[in-house]
Structures are given as structure tokens and as C-alpha cells.
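See structure below.
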Amino acid sequence: MKLLVTGGAGFIGSNFVRRALNDQLPGIEGAEIIVLDALTYSGVRENLDPIADSPRYEFVHGDICDAELLDKLMPRVDGVVHFAAESHVDRSVRDSSIFFETNVIGTQRLLDAALKHGIDRFVHVSTDEVYGSIEEGEWTEEWPLEPNSPYAASKAGSDLVARSYHRTHGMNISITRCSNNYGPYHFPEKLIPLFVTNLLDDKHVPLYGTGENVRDWLHVDDHCRGIALVYTKGRAGEVYNIGGGTQLTNVEITKKILELMGKDWSYVDHVEDRKGHDLRYCVDITKIQNELGYEPQVPFEQGLANVVQWYRDRRDWWEPLKERAALEG
Ligand code: NAD
């Protein structure tokens, strides 16, 4: 099996690549991997250092929008796992152009190249945010797409492009929609790593609005195992939700982080809410459980404690990223 993994230097993609090359993902043991990554602000080549010497790994610095490059890479692989995206909602609120270029046009270019070269299998990694916000209950995969942020709209657009390539061309494509991931190597602009790294520096943490927004938390290891199951056993043209089974308000998760870090609520600054902030996300994962035997395995309390410890140990990883992000404003 030879895979092209786009966005493999990012948070989730690099976890997938590290685990795949360490034969920790069911069904894709022994796979060779070409990572294609543009190394945008959130792409960190060092995320792949632990497997950099693997003879089954190759890194290509390039853009998923580059059709010529894709033409050269596709004949060398038989499958694609597509993570590359602009992924931060707040950035899409400030300026959404690059979100539509990368997430929609980039996905279309990739699918076109995969079609042209007769790629056997394509998994498109998406998000539960395409469903919008749900006050109660859970989204099944049949839920209408009602994205609220420009980020979510661009991901919904990419999902529809992927669906259309299956329907029109019969391509063997599945789409995954996961909840909020957490884990090591998470870029320190997202809630958990931002709060943990701020507190490690004895700084305050910014909590949006009242903090009543509810998210389901999914450990990145569980997510990548779910993606591997979908890659090997998922049905063509189908969508699979992937969740972690731990729903918390932002106030609740903030309290857990403060407790783990030995800090109190005085470190929390209530800041103006994010524009159009979705109140609640919650995915129904019955389909992937019943069809593919997926279950989240990392207990949240354990996973969070390990993440806190990872950021304590890896100042060398996150400090330069935060400094660079601050300089870029
Ligand atoms: P990330 O921002 O950490 O990584 C994205 C990677 O894509 C980076 O390495 C970046 O350099 C690369 N990239 C961006 N534009 C590119 C381009 N034009 N060509 C090639 N590479 C490019 O994101 P992540 O958190 O790892 O998310 C991965 C995927 O999972 C995304 O598709 C995202 O929408 C989805 N997702 C993430 C979460 C989450 O909680 N993090 C939740 C649901 C879905």
C-alpha cells in the first residue's frame, strides 16, 4: 500500500503518519507514505522527525493546488488520505479567501488528479462543523449541512466536491467528520494548547463569551484509528462521523486544565465572543461503531493529563511557534 497523505506536517496528519509508520494503525501496517505539505504557518516539518529515517517515508514540500506536482505524485501511490486544509475558525473570520482556495479548490485539484491517475481509494477528512450547531441531540451523517463559519462553509464545500466525484465518476471516496481533536503537536492557537502554554508561562487565558459552548473532545490517536478503519473498511460514497464521547462546555474544560496546572479561575479573562460562535456540536457515531467496529479508547482525563505533560516537556516545540505567530500578528 502506498499512500499520499496531504497536510501530513499538521497536527492530525502528522499523528496519522507517525502512527502509520510505527504500524499502529489497523489495516495499513507496512504502508509507504508520501507526505505532501505546503508548510503553512501550522505545518511543522519537525512533527515528522520521529519517523524521518523510515525507509517507507518521503516528504514533498508543495501545494495541493499545484496540478503539475499532483500529476507527478499520483502515479506513485494507490491511495490518498486528505488532511491538508486551513483549519482555524478565528482566522477564517478575519479573512476567508485562503480557506476557499485551499479547502475547496485544493480538494477539487486533488480529486481531479486522483481521478486522472485511477487512484484506488480516497479518504477526505472533514469536520462536524459542517452540520452547524445543534441545541440538543446528536447529528447523524444524514443531517443537512448548515455551516456557520467561513471555515465550516469551506469544509462543507469540499465535502460536496468529494461527494460529486464519487457520484459522477464512481470514485472510491469516503468522508470522515470528526469532533474537536486534542493531543500532542497541536498548534498553540487552539483552545487546549493555547491555555496550557499560557498557563505554563503564568499568563492568563482568554475565554470566549460566557464559555457555555459545548464541544465533543476526541483524542487524535482515536481519530487517526477511525480514519484508518474508514480507509480500509469504509464504503464508497459514505460519510462517517468520528467522535470521542466526552462533551464539555468551555468553562468545564477550562476548569479541568486549571486544575491540572495548579491554577485558579483568576487566570481566566472573559473576552468578547467569537462572531457567530456555534453553541453546541455533538456527533452520533453509531454508524462507524456498527459498521467498522470503532470505539474511542483514550479516556479523556488520562488523555488531557498526558497532553499537559507533553507541553510541559516540549517547550522547545511550542515556544518558537508562539513567538512566530505573535510576530505575524
Ligand atoms: P493543521 O492546521 O494543524 O494542519 C494542516 C496542514 O495542512 C498543515 O501542515 C499545513 O501546512 C497543510 N496545508 C495547508 N494548506 C495546504 C496546501 N495548500 N497544500 C498542502 N498542504 C497544506 O490542521 P489539523 O488540525 O491537523 O486538521 C487536519 C484536517 O482535519 C483538516 O482538514 C481539518 O479541517 C480537519 N479537522 C480538524 C479538527 C481539529 O480539531 N483539529 C476537527 C475536525 C476536522
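For ligands, and for the atoms within them, numbers begin at 1 and follow the listed sequence.
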Side-chain touch I119/V77, heavy atoms, less than 4.5 angstrom: yes
Test item, Y182 contacting ligand 1 (heavy atom, 4.0 angstrom): no
For K155, the ligand 1 atoms whose distance to one of its heavy atoms is below 4.0 Å: 31 (C), 32 (O), 33 (C), 34 (O)
Which residue and heavy atom of the protein sit nearest atom 37 (C) of ligand 1, plus the separation: I12 CD1, 3.4 Å
Which residue and heavy atom of the protein sit nearest atom 3 (O) of ligand 1, plus the separation: F11 N, 3.0 Å
Atom 20 (C) of ligand 1: nearest protein contact (heavy atom, Å): A38 N, 3.2 Å
Working for side-chain contact (heavy atoms from CB on, under 4.5 Å), residues D37 and L48: CA-CA 11 Å; D37 199 294; L48 295 162; over 6 Å; no
Atom indices of ligand 1, in the order listed, that fall short of 4.0 Å to a heavy atom of D63: 17 (C), 18 (N), 19 (N)
Donor on one side chain, acceptor on other, D222 and Y294, under 3.5 Å: no
Mode of H82 contact toward ligand 1 - side chain, backbone, both, neither (heavy atoms, under 4.0 Å): neither
Partner of H124 by side chain to side chain contact (heavy atoms under 4.5 Å, CB included), out of V80, V161, T107: T107
Ligand-side contact atoms (ligand 1) for residue partner L39, heavy atom cut-off under 4.0 Å: 11 (O)
W139 side chain near Y281 side chain, heavy-atom distance below 4.5 Å: yes
Protein heavy atom at shortest distance from atom 40 (O) of ligand 1: N181 N, 2.9 Å
Shortest protein heavy-atom distance from atom 10 (C) of ligand 1, along with the residue and atom involved: T40 OG1, 3.2 Å
Polar contact flag for Y41 and ligand 1 (N/O pairs, less than 3.5 Å): no
Donor-acceptor contact below 3.5 Å, side chain H82 vs main chain V123: no
Partner of R56 by side chain to side chain contact (heavy atoms under 4.5 Å, CB included), out of D23, I33, I34, I51: D23
Nearest candidate to atom 43 (C) of ligand 1, where distance is taken over non-hydrogen atoms, out of S14, C178, A152: C178
Min N/O separation S42 to ligand 1 under 3.5 Å: yes
Residue-ligand contact S126/ligand 1, heavy atom below 4.0 Å: yes
Y151 and ligand 1 - part of the residue with a heavy-atom distance under 4.0 Å: side chain
Mode of S179 contact toward ligand 1 - side chain, backbone, both, neither (heavy atoms, under 4.0 Å): backbone
Spatial distance of atom CZ (R18) from atom CG (L25) [nearest 0.5 Å]: 11.0 Å
Ring geometry between Y185 and W317 (parallel below 30°, tilted from 30 to 60°, perpendicular above 60°): perpendicular
Test item: T6 side-chain N/O and F83 main-chain N/O as donor-acceptor pair under 3.5 Å: yes
Sub-4.0 Å atoms of ligand 1 with respect to non-hydrogen atoms of T102: 15 (N), 16 (C), 18 (N)
CA sep, side-chain torsions, deciding dist, call: D278, N213, side-chain hydrogen bond (donor to acceptor under 3.5 Å, both in side chains): CA-CA 7 Å; D278 288 332; N213 312 67; over 6 Å; no
Atom indices of ligand 1, in the order listed, that fall short of 4.0 Å to a heavy atom of G62: 19 (N), 20 (C)
Atom 11 (O) of ligand 1: the protein heavy-atom neighbour that sits closest, reported with distance to 0.1 Å: D37 OD1, 2.6 Å
V125 near ligand 1 by a heavy-atom separation under 4.0 Å: yes
Plane angle bin for W217 and F300 - parallel if under 30°, tilted between 30 and 60°, otherwise perpendicular: tilted
Any N or O of C65 closer than 3.5 Å to N or O of ligand 1: no
Ligand 1 contact on N180 by region, counting heavy-atom pairs under 4.0 Å: backbone
Closest approach of any protein heavy atom to atom 23 (O) of ligand 1, naming residue and atom: S87 OG, 3.3 Å
Check: T102 side chain, A85 main-chain N or O, donor-acceptor pair, under 3.5 Å: no
Protein heavy atom at shortest distance from atom 19 (N) of ligand 1: I64 N, 3.0 Å
Within reach of ligand 1, part of D128 (heavy-atom separation under 4.0 Å): neither
Chi angles and distances behind the side-chain hydrogen bond (donor to acceptor under 3.5 Å, both in side chains) call for H117, D71: CA-CA 8 Å; H117 295 282; D71 247 354; 2.7 Å; yes
Positive for side chain to side chain contact (heavy atoms under 4.5 Å, CB included) with E141, one of D284, I288, N241: N241
F83 near ligand 1 by a heavy-atom separation under 4.0 Å: yes
